[in-house]
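Note that ligands are numbered from 1 as they come in the structure, with each ligand's atoms numbered from 1 the same way. Along the sequence shown, residues carry numbers from 1.
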Amino acid sequence: MAALSLEVRAKSFPAVGTAPEKRVLENVRLSVEPGERLAIIGPSGCGKTTLLNIAAGLDRDFEGRLVRDRSARLAYVFQEPRLLPWRTVADNLRFVLFDDDPTEVDARITAVLAEVGLEGTQAVFASRLSLGMARRAALARAFVVRPDLLLLDEPFVSLDEPTAQHLRLLLLELLERHRTTVLFVTHALHEAIMLADRLLFLTASPARVLAVREVPLGAAERRDPLAVEACRNRLLAEEAELARLLLPASAAAPSPLAEVAPG
Ligand SMILES: Nc1ncnc2c1ncn2[C@@H]1O[C@H](COP(=O)(O)OP(=O)(O)OP(=O)(O)O)[C@@H](O)[C@H]1O
């Protein structure tokens, strides 16, 4: 059985004031197998976050069907870290572990903070963290629940490229170590190639599925920026429609920096 199976026949946001009703998603189907990592890629504002919210069960106002094991533990890393600034790092993690044995909780928090490179920060208030550290803490809060299904919405947006790359490598390490099932959203094809097994491309709004492609890279190649770049260029060269979707018309030479800007 798939870890997640979703069919959105239609999703619209109702008219508000002078803004008319907006159709965002149309006939989008996807499924994620246990242990698989699926990336959703599409232009800014096409409906990626909306789709992720539906997959999470946060938005039930759509035509279609969501099938997910209700007993599966779900973690969601939002576009913004969404930490509670008045709580310490440890308390932010403790907040999502309320059902667990309190004697085990501290050890789990210490271990996961070490995994994300935040050892020794238990007592630091979240408001004191840099954005890079806050994003690490948000990853720690997701992994501390040992999720059966992890949803990520552009988890490295607004970071400088070296920091983002550092965190991508860290996330890849965590995903491989824990064999986590993942559904994640990004606008950056090189990030998707690095982290995902399969890529689902959405059209501009109202979003439909444009294409689904496997990522033919092994663990070592994912960590090699040149191999990722070559894979990306191959994909864009083979698929004219993807290139039109992801590259500005003026882009002469494909490069990660030429991709659509984050929203
Ligand atoms: N609650 C809402 N009410 C009305 N319109 C909304 C609402 N949430 C999102 N939208 C609109 O739906 C469309 C899709 O938004 P969504 O955030 O899902 O896109 P996205 O692909 O994730 O964008 P980005 O790449 O900028 O993160 C946008 O036009 C957005 O303005």
Side-chain angles (χ1 to χ4, degrees), residues 4 6-30 32 37-66 74-82 131 134-135 138-139 142 149-161 164 167-168 171 182-196 198-213 232 236 241-249 251 256-263:
L4 173 92
L6 176 61
E7 178 189 3
V8 183
R9 286 191 295 280
K11 165 68 190 174
S12 301
F13 288 109
V16 180
T18 55
E21 180 186 81
K22 183 168 175 64
R23 174 66 65 98
V24 179
L25 301 168
E26 225 166 56
N27 293 326
V28 176
R29 278 177 193 213
L30 62 87
V32 190
R37 307 195 299 258
L38 176 67
I40 298 168
I41 304 158
S44 188
C46 76
K48 302 183 293 299
T49 298
T50 304
L51 188 58
L52 211 55
N53 285 340
I54 291 174
L58 295 176
D59 184 347
R60 293 162 192 239
D61 183 18
F62 68 102
E63 282 174 43
R65 208 160 83 100
L66 169 67
L74 184 88
Y76 195 152
V77 177
F78 299 97
Q79 255 185 47
E80 300 304 322
R82 294 202 189 176
L131 180 59
R135 291 207 180 278
L139 286 180
L149 176 64
L150 175 62
L151 307 177
L152 300 132
D153 188 359
E154 305 244 19
F156 310 125
V157 79
S158 329
L159 293 173
D160 60 83
E161 183 50 30
L167 288 185
R168 284 182 205 117
L171 176 61
V182 180
L183 177 62
F184 83 99
V185 153
T186 182
H187 68 276
L189 183 51
H190 70 294
E191 181 169 289
I193 290 170
M194 199 176 152
L195 296 170
R198 209 153 51 95
L199 314 173
L200 185 147
F201 295 92
L202 293 178
T203 65
S205 188
R208 289 169 287 104
V209 177
L210 176 66
V212 179
R213 295 288 176 267
R232 174 184 172 281
L236 292 175
E241 234 181 315
L242 293 186
R244 267 197 297 280
L245 179 77
L246 293 171
L247 297 172
L257 298 177
E259 283 168 26
V260 288

Part of Thr50 within contact of ligand 1 (heavy atoms, under 4.0 Å): both

N or O pair under 3.5 Å between Glu154 and ligand 1: no

Cys46 near ligand 1 by a heavy-atom separation under 4.0 Å: yes

Residue pair Phe78 / Asp153, side-chain heavy-atom distance below 4.5 Å: no

Proximal atoms of ligand 1 relative to Lys22 (non-hydrogen, under 4.0 Å): 13 (C), 28 (C), 29 (O)

Ligand-side contact atoms (ligand 1) for residue partner Gln79, heavy atom cut-off under 4.0 Å: 27 (O)

The single option from Leu171, Val77, Leu131 passing side chain to side chain contact (heavy atoms under 4.5 Å, CB included) against Phe156: Leu171

Partner of Leu202 under side chain to side chain contact (heavy atoms under 4.5 Å, CB included), chosen from Leu210, Val185, Leu51: Leu51

Closest candidate by heavy atom, reference atom 25 (O) of ligand 1, pool Lys48, Arg23, Glu21: Lys48

Ligand 1-proximal atoms of His187, by part, heavy-atom distance under 4.0 Å: neither

Polar proximity ligand 1 side, Phe13 side, N/O cut 3.5 Å exclusive: no

Non-hydrogen side-chain atoms of Val209 and Arg29 separated by less than 4.5 Å: no

Validation row: Val157, Arg135 side chains within 4.5 angstrom (heavy atoms): yes

Contact with ligand 1 for Ser44, non-hydrogen, under 4.0 angstrom: yes

Side-chain touch Val182/Leu195, heavy atoms, less than 4.5 angstrom: no

Sub-4.5 Å side-chain heavy-atom contact between Lys11 and Asp59: yes

Geometric N/O contact Val24 with ligand 1, under 3.5 angstrom: no

